[in-house]
Amino acid sequence: MVPFNKPYLTGKEAHYLYQAACSGHLSGNGYFTKKCQHFFEERYGFGKSFLTTSCTAALEMAALLCEVRAGDEVIMPAYTFVSTANAFVLRGAKIVFADSHRDRPGIDEDAIEALINERTKVIVPVHYAGVACDMDKIMALARKYGLWVVEDAAQAVESFYTDKNGIKRALGSIGHLAAFSFHETKNITSGEGGMLVVNEKRLQARAEIIWEKGTNRSAFFRGEVDKYGWIDVGSSFLPSEISAAFLWAQLENLDAIQQQRTRHWTAYCEGLQEWANRSGIQLPLIPEFATNNAHMFYMVCRSLQQRTEILQTLNENGVHAVFHYLGLHNSPYYRNKHDGRVLPESDRYSDCLFRLPMFFELDTKDVIAKLIALSY
Ligand SMILES: *Cc1c(COP(=O)(O)O)cnc(C)c1O
């Protein structure tokens, strides 16, 4: 069976885990945590970056930092993972779901403005498959209406957006805040893990306090205050040094990991083009302003029935392909809270999109051969 995902070990993980274990500093915010955070800040021009226990936790920190309260509204695509919404629902927000773009599962940027009103506080673009949303449009709306932008960059490590001035900017460096995931299904992993990027300078001091359970402990350790205490809300958002040590081994090999995934992605694309055209199946479209970080290889079928048949046959033939995201506006938890608008593109991706296996040690030839043996 070709699995859907297989976490890749670079070979240095055990070494750094041992080093962390022997260092005597096992809790968070130590040597490896700082090394990982600096890596991102330097390489991508991110604002202050904080490792977290997950992307979910990073999104929860973002909701606290934006001071989202009961009655506030948050705009995001319906076609996303539950954590994008849950983080804000926990603060009492109402989620206003936008439809997906016709050409890609990310948010339809032109559908956002009509959803903004005086209660709107945050826009959350999700860079689905690591493919950028049109951030110029989204940041312009944020400026016009005074809103926060939180990038859900869970899938978007090493992905870029070229803005209207031709400047190439890393995803996660554009919004006021951004959240990344290092879950084992993502390009770079520590098993469970994440990171909050705080680009907005006004939010950086408070982010550190929320991260440290509502205390000014970090300032105390830097010698900036002579005692530390409870000064704000917060929670336990830091991962241990054990997780950070594992993550560091992955980051050191980021380029090799990305090259390999990109080879797989390109092989899929070239190997399946003709079959997809013949079967009326859509391959991923990468807009001009975006790059592709080979996080995911997805295809979009003509119908739910076609997708069901393909997935069944693939699984019978030893390839674990999957679909995902029931649009959150149709979910058992939120459908009664949703305002009833129909989101046809989101529904289409829910019904018709599927994902092929994608991981470092993958043999794409095998998967391609099995797919093109199917005729439609
Ligand atoms: C994976 C993912 C998350 C959640 O990440 P965790 O690290 O598992 O909390 C959130 N949003 C999107 C779009 C994701 O793909």
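All values reported here derive from a predicted model rather than from experimental measurement.
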Check ion pair Lys144-Glu113 (N to O, under 4.0 angstrom):
yes
Given side chains that start at C-beta, do those of Ile116 and Ile75 come closer than 4.5 Å, heavy atoms only?
yes
Tell me, please, whether Phe323 has Arg307 positioned over its six-membered ring: NZ or CZ under 6.0 Å from the ring centre and within 45 degrees of its axis?
yes
Derivation and outcome, side chain to side chain contact (heavy atoms under 4.5 Å, CB included), residues Tyr333 and Val89
CA-CA 11 Å; Tyr333 180 69; Val89 169; 3.9 Å; yes
Shared hydrophobic cluster for Leu59 and Val198 (ILVMFWY, side-chain gaps under 4.5 Å):
yes
Aromatic centroids of Tyr79 and Phe97 separated by under 6.0 Å
no
Beyond-backbone contact of Val300 with Ile281, side-chain heavy atoms, under 4.5 angstrom:
no
Ala249 versus Thr10, closest heavy-atom pair with distance:
O-OG1, 3.4 Å
Checking side chain to side chain donor-acceptor pair (under 3.5 Å) for the pair Asn187/Gln258: CA distance, chi angles, key distance, verdict?
CA-CA 8 Å; Asn187 294 27; Gln258 287 303 110; 2.9 Å; yes
Leu177 side chain reached by Val197 side chain, heavy atoms, under 4.5 Å:
no
Surrounding CD of Glu316 (heavy atoms of other residues, nucleotides or ligands, distance under 6.0 Å), is the total greater than 12?
yes
Looking at Phe88 and Val74, what are the two nearest heavy atoms and their distance?
CD2-CG2, 3.9 Å
Is the centre of the Phe237 ring less than 6.0 Å from the centre of the Trp211 ring?
no
Apply side chain to side chain donor-acceptor pair (under 3.5 Å) to the pair His176 and Asn199, showing each step before the final yes or no.
CA-CA 5 Å; His176 304 98; Asn199 296 312; over 6 Å; no
So, taking the atom named CD1 in Ile210 and the one named CD1 in Ile231, what distance separates them when rounded to the nearest 0.5 Å?
10.0 Å
Whether Glu109 and Arg104 form a salt bridge (side-chain N of Lys/Arg under 4.0 Å from carboxylate O of Asp/Glu) is what I want to check.
yes
Of all the heavy-atom pairs spanning Thr80 and Asp152, show the shortest one and how long it is.
OG1-OD2, 4.3 Å
Side chain to side chain contact (heavy atoms under 4.5 Å, CB included) partner of His320, the single match among Asn315, Asn5, Val2:
Asn315
Between Ser27 and Ser240, is a side chain to side chain contact (heavy atoms under 4.5 Å, CB included) present by the stated rule, with each step listed?
CA-CA 5 Å; Ser27 61; Ser240 81; 6.0 Å; no
Are any non-hydrogen side-chain atoms of Leu371 and Ile310 less than 4.5 angstrom apart?
yes
Before giving the answer on side chain to side chain donor-acceptor pair (under 3.5 Å), spell out for Gln204 and Glu200 the whole-Å C-alpha distance, their side-chain angles and the decisive distance to 0.1 Å.
CA-CA 7 Å; Gln204 290 175 346; Glu200 174 59 47; over 6 Å; no
Under the 3.5 angstrom rule, does the side chain of Arg261 hit a backbone N or O of Ala294 as a donor-acceptor pair?
yes
Could you tell me whether Asp351 and Arg302 make a salt bridge, using a distance below 4.0 angstrom between a side-chain N and a carboxylate O?
no
Val122 with Tyr334, same ILVMFWY side-chain cluster at under 4.5 Å:
yes
More than 12 heavy atoms of other residues, nucleotides or ligands under 6.0 Å from CZ of Arg222: is that the case?
yes
So Val367 and Leu362, side chain to side chain contact (heavy atoms under 4.5 Å, CB included) or not? Walk me through it.
CA-CA 9 Å; Val367 179; Leu362 175 67; 4.3 Å; yes
Evaluate ring pair (Phe, Tyr, Trp, His ring centres under 6.0 Å) for Phe182 paired with Phe40, printing each intermediate quantity in order.
CA-CA 13 Å; Phe182 309 120; Phe40 284 104; 5.8 Å; yes
In Å and rounded to the nearest 0.5 Å, what is the CG to CG distance from Leu64 to Leu203?
11.5 Å
Between Glu345 and His101, is there a side-chain heavy-atom distance shorter than 4.5 Å?
no
Compute the ring centroids of Tyr128 and His324, then answer whether they are less than 6.0 Å apart.
yes
Establish, from distance only, whether the side-chain atoms of Glu41 and Gln37 form a donor-acceptor pair under 3.5 Å.
no
Interatomic distance, CD1@Ile372 vs CD@Glu274, rounded to 0.5 Å, equals 8.5 Å
Backbone N/O of Ser190 and side chain of Ser243: donor-acceptor pair under 3.5 Å
no
Apply the test side chain to side chain donor-acceptor pair (under 3.5 Å) to residues Glu361 and Gln260: give CA-CA distance (whole Å), side-chain angles for both, the deciding distance (0.1 Å), then the verdict.
CA-CA 9 Å; Glu361 289 151 288; Gln260 178 78 344; over 6 Å; no
Any idea which heavy atoms bring Ala132 and Phe289 closest together, and the distance?
O-CE1, 3.3 Å
What verdict does the side chain to side chain contact (heavy atoms under 4.5 Å, CB included) test give for Val131 and Leu285, after you've listed the backbone C-alpha separation in whole Å, the side-chain angles of each residue and the deciding distance to 0.1 Å?
CA-CA 9 Å; Val131 175; Leu285 276 168; over 6 Å; no
Should the pair Glu73-Lys121 be classified as a salt bridge under the 4.0 Å nitrogen-to-oxygen rule?
no
Quick one: does NZ or CZ of Lys48 land under 6.0 Å from the six-membered ring centre of Phe46, within 45 degrees of the ring axis?
no
Please examine the side chains of Pro287 and Asp134, heavy atoms only from C-beta on, and report whether any two atoms are closer than 4.5 Å.
no
Where is the tightest heavy-atom contact between Phe4 and Leu356, given as atom of each residue plus distance?
CE1-O, 3.6 Å
Verify the cluster assignment for Tyr161 and Ile138: are they in a single hydrophobic cluster under the rule of side-chain heavy atoms below 4.5 Å apart?
yes
Please report the shortest heavy-atom distance between Cys352 and Leu304, naming the atom on each side.
SG-N, 4.0 Å
Electrostatic pair Glu208:Arg206 at N-O distance under 4.0 angstrom:
no
Closer than 4.0 angstrom, basic N to acidic O: yes or no for Asp108 and Arg102?
no
Under a 4.5 Å side-chain heavy-atom rule over Ile, Leu, Val, Met, Phe, Trp and Tyr, are Leu247 and Leu196 clustered together?
no
Using the six-membered ring wherever Trp is involved, compare the ring planes of Tyr44 and Phe39 and label them parallel, tilted or perpendicular (cut-offs 30° and 60°).
perpendicular
Look up atom CD1 in Ile95 and atom CG in Asp339, then write down how far apart they are to the nearest 0.5 Å.
11.5 Å
From the options Leu328, Ile107, Leu343, select the one residue that forms a side chain to side chain contact (heavy atoms under 4.5 Å, CB included) with Pro77.
Ile107
Can Tyr145 be reached from Met135 by stepping across I, L, V, M, F, W or Y side chains whose heavy atoms are under 4.5 Å apart?
yes
Side chain Ser83, main chain Thr56, donor-acceptor under 3.5 Å
no
Would you give the length of the straight line joining atom CD of Gln155 to atom OG of Ser181, rounded to the nearest 0.5 angstrom?
8.5 Å
Indicate yes or no for a side-chain donor-acceptor contact from Ser159 to the backbone of Ala156 under 3.5 Å, with no hydrogens or angles considered.
no
Any non-hydrogen side-chain atom of His338 less than 4.5 Å from a side-chain atom of Ser331?
no
Heavy-atom check, side chain of Ile257 versus side chain of Ile188, under 4.5 Å:
yes
